Structures are given as C-alpha cells and as structure tokens.
Amino acid sequence: MPAYRQGATPSKPGFKLSSNENPFATLPQVAAAVSATPVNRYAAAAMPQLRSAIGSMFGLDPADSAAAVHLGAGSVSILYQLIQATAGAGDEYLYAWPSFEGYPLLGIASQATPVTVPLTDAAEHDLEAMADAITDQTRVILLCSPNNPTGPAIFATEFTRFMSRVPADVLVVLDEAYREFVTDPEAVHGEEVLATYDNLVVLRTFSKAYGLASLRIGYGVGHPAIWEAARVTGIPLAVTAQAEAAALASITPEAQSALQQQISQLVQQRDTLVAELRTLGLRVPEAQGNFVWLPLREHSNSLAAAFSEEGTLVRSFAGEGVRISVGEPESLPEVLRVIESFIQAHPDVVNSGGTQ
Ligand SMILES: *Cc1c(COP(=O)(O)O)cnc(C)c1O
C-alpha cells in the first residue's frame with residue numbers, strides 16, 4: 001500500500017511550496033481564540049454557530065444547517081467517511097487522474113475499487129469520459145475543482161451536463177478545497193448548484209485559504225441523509241474545540257477582510273507566475289488554485305531535485321509534472337530563478353510536455 005507522502009522539511013533555508021498552504025502568519029484574533037480555548041474539556045460536538053455560518057454561505061437557513069452541514073477533522077476525513085459509508089468490496093468510486101493524491105487511498109480500508117479517467121490535454125476533467133465510465137458498480141464520483149495538482153476548475157455548463165448523466169443513486173462529491181482562489185467566471189461553484197441535486201455534496205476546508213491546516217477542520221454541505229450515513233463511519237469528537245474556535249474567529253467580518261487581502265495577493269502572485277512561466281516558453285494549464293502545474297513528464301523529478309538543492313520544496317508527480325504552491329511574496333523571484341536555470345540546463349523542456 002503506498003504511503004501518503006507529505007511535503008518534506010527543507011535541508012537548507014528556503015520556501016515550502018509543496019503542500020498548498022497559506023504562507024501568511026495566523027491572524028492575531030484567530031491565535032487568541034485558539035489559546036483562549038481550554039484543552040481539558042471535550043468539544044461540544046454540535047457546533048451550531050459554526051454550522052449555521054457555513055450553511056448561510058450556501059443560502060441555508062439556520063434551522064436546516066444543523067443537518068445539512070457536516071464538520072470533519074479536515075475535509076480528507078470526510079472523504080474517508082463518505083467512501084466507507086457508500087462503497088465496499090465490488091463497488092467502484094470514480095475520479096479523474098492526475099488529481100488529489102489522497103483519492104487512491106480512500107477505498108483501501110473498505111475494499112472499494114478506484115477507477116480513474118485521464119484528464120484532457122488541457123489538464124481538465126474529461127467529464128464526458130467520466131460519465132461514460134459510470135457502471136452499475138459505481139457508488140461515488142469525486143470531482144476536484146479546481147483540480148489539485150493541475151489547476152483548472154470545472155466549468156458550470158459542463159458540470160450541469162455531467163450531472164444529467166449521473167444516476168440519482170450515485171453520490172457526487174464536489175471537492176472545492178481551493179474554492180476561495182477561483183477567479184474564472186465560468187467555474188462551477190458548489191453554493192450555486194447544491195440545491196439542485198440530492199446526490200451532490202460539496203466539500204471545503206479551512207486548511208488552505210484560511211490558513212488552519214494544522215488544526216484539521218473541513219466541512220461538507222449536502223442532503224442530511226448523506227451525513228447521517230457519514231456520521232456512522234466517522235470518529236466521534238474528532239473536530240477539536242480549538243479548531244472550532246479558530247474557524248469561528250476566521251469568519252468574522254474583520255477576519256474575512258484580512259483573509260480576503262491575503263487571498264487577493266496570492267491570486268495576483270499566481271497569475272504573475274503563470275504569465276512569467278508561459279513567457280519562458282513553458283506550458284502551464286489554467287491555474288485556479290493557489291498552485292501552478294508544470295507538465296514536465298520525465299523531467300519532473302529533476303526539476304523538483306533542482307528546487308530541493310536550493311532549499312525549496314515543490315511537489316513532483318513522477319513522470320507527470322511538478323506542482324508549485326504560491327507562497328510568500330519573496331518566493332516568486334526564487335521560483336523563477338530556479339526554473340530559468342533549469343531551462344538553461346534542459347532546453348528541451350521548453351514547448352515540450354505534450355499539448356498540456
Ligand atoms: C488539501 C486538500 C483537501 C483537504 O485537506 P484537509 O486539510 O483534510 O481539509 C481536500 N481535497 C483536496 C483536493 C486538497 O488539495
């Protein structure tokens with residue numbers, strides 16, 4: 001069984017651009033809320049204030065939010081709950097590839113079979129091919145928008161066409177871990193489509209844009225019956241009171257405006273990085289998250305090694321590409337410097353890498 005590979009620790013001072021984290025310091029009001037929360041008591045599992053705040057982002061009224069919003073110790077834990085609840089031996093779950101490295105591991109414990117459909121040449125979900133891949137055994141379909149690691153978001157029109165081909169008893173999980181960074185006006189947004197489909201859940205997280213990766217808190221929104229099933233496979237009280245306090249402190253209007261500034265800055269850096277990389281002659285797919293993807297194929301591991309020698313960590317998907325997170329503002333010139341010297345040593349990476 002392949003172990004989950006976490007971004008390693010740098011060998012010399014540099015940047016950690018391997019896990020799509022928010023590089024900025026924790027907001028003071030969030031840090032204060034965490035340290036003011038006692039650790040000797042169990043959290044109160046209901047967390048109604050947080051659930052109703054999340055529900056209102058999806059247009060739900062507070063009375064409905066308690067059952068329609070599900071909290072987890074990271075949205076990855078909710079993915080596990082959903083697969084365990086829906087798919088066992090002989091069942092299939094379907095997703096695009098390359099996509100989130102956690103997906104292949106989800107079915108191991110329940111013995112569900114992962115089925116993958118290759119991305120298009122533009123590194124986007126091939127939703128027509130995914131609909132064709134649905135069988136009588138398919139229980140769950142995972143859609144990642146924007147797609148980690150490649151960057152493009154799913155278009156709203158394509159999503160609607162896809163959903164019309166999915167049987168009503170197949171669960172669709174729209175994993176929007178990077179929703180806050182999306183700027184493409186054509187992109188699907190969970191809050192706009194959720195009410196239309198009883199077999200759809202939307203997953204989001206406080207780990208990325210909100211900068212709470214280490215506290216482990218994510219959420220799903222969808223039909224209460226789905227969460228009733230997911231609760232059975234979840235570990236009780238996995239969401240800590242500190243995570244709850246941090247999430248609540250992050251959604252006040254003041255915190256939201258501070259976070260929005262961080263997000264805007266990261267989006268601007270992302271767009272600058274994409275433009276500069278394309279100017280260097282590299283192929284870069286649409287980047288809608290806080291990361292960029294270089295489909296360098298056989299050169300992927302050597303670019304990651306070149307970064308590592310300079311103390312900077314990026315994520316290589318061997319034989320496929322390299323994902324570089326958008327980090328501290330100072331990391332931008334360093335990323336370009338390393339890539340420019342890599343191109344000098346390997347001129348064939350320019351305009352190679354297929355049609356991506
Ligand atoms: C980071 C990430 C997650 C979730 O992370 P958690 O920290 O468990 O909330 C989920 N899906 C994708 C695609 C991600 O990149």
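All ligand and atom numbering here is 1-based and tracks the order in the structure. Remember, predicted model here, so these are calculated numbers, not experimental data.
For Y178 and F291, the ring centers are positioned less than 6.0 Å apart. Residues F206 and Y219 bring their aromatic ring centres within 6.0 Å.
Looking only at protein heavy atoms, the nearest one to atom 11 (N) of ligand 1 is D175 OD2, 2.7 Å. The shortest contact between atom 8 (O) of ligand 1 and any protein heavy atom is with R216 NH2, 2.7 Å. The protein atom (non-hydrogen) at minimum distance from atom 4 (C) of ligand 1 is S75 OG, 3.0 Å. Protein heavy atom at the shortest distance from atom 2 (C) of ligand 1 is K208 NZ, 2.4 Å.
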*asked:* Working note: N148 + R323, criterion side-chain hydrogen bond (donor to acceptor under 3.5 Å, both in side chains); need CA distance, chi angles, decisive distance, verdict.
replied: CA-CA 9 Å; N148 174 11; R323 189 192 69 198; 2.7 Å; yes
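Residue contacts with ligand 1 include C144, since one or more of its heavy atoms lies under 4.0 Å from the ligand. Using 4.0 Å as the threshold, Y178 has a heavy atom nearer than that to some atom of ligand 1. Note on ligand 1: G218 sits outside its first shell, no heavy atom being nearer than 4.0 Å.
Rounded to the nearest 0.5 Å, atoms CZ (R216) and OG (S77) are 7.0 Å apart.
Under 4.0 Å from ligand 1, the heavy atoms of N148 that appear belong solely to its side chain.
Salt bridge annotation for E158-R161: absent, with no cationic side-chain nitrogen under 4.0 angstrom from a carboxylate oxygen.
For T135 and E92, the side-chain atoms include at least one donor-acceptor pair closer than 3.5 Å.
Heavy-atom contacts of A177 reach the following atoms of ligand 1: 2 (C), 3 (C), 10 (C), 11 (N), 12 (C), 14 (C) (cutoff under 4.0 Å). For ligand 1 and S207, the ligand atoms under 4.0 Å from any heavy atom of the residue are 6 (P), 7 (O), 9 (O).
Surrounding CD of E328 are more than 12 heavy atoms belonging to other residues, nucleotides or ligands, all under 6.0 Å away.
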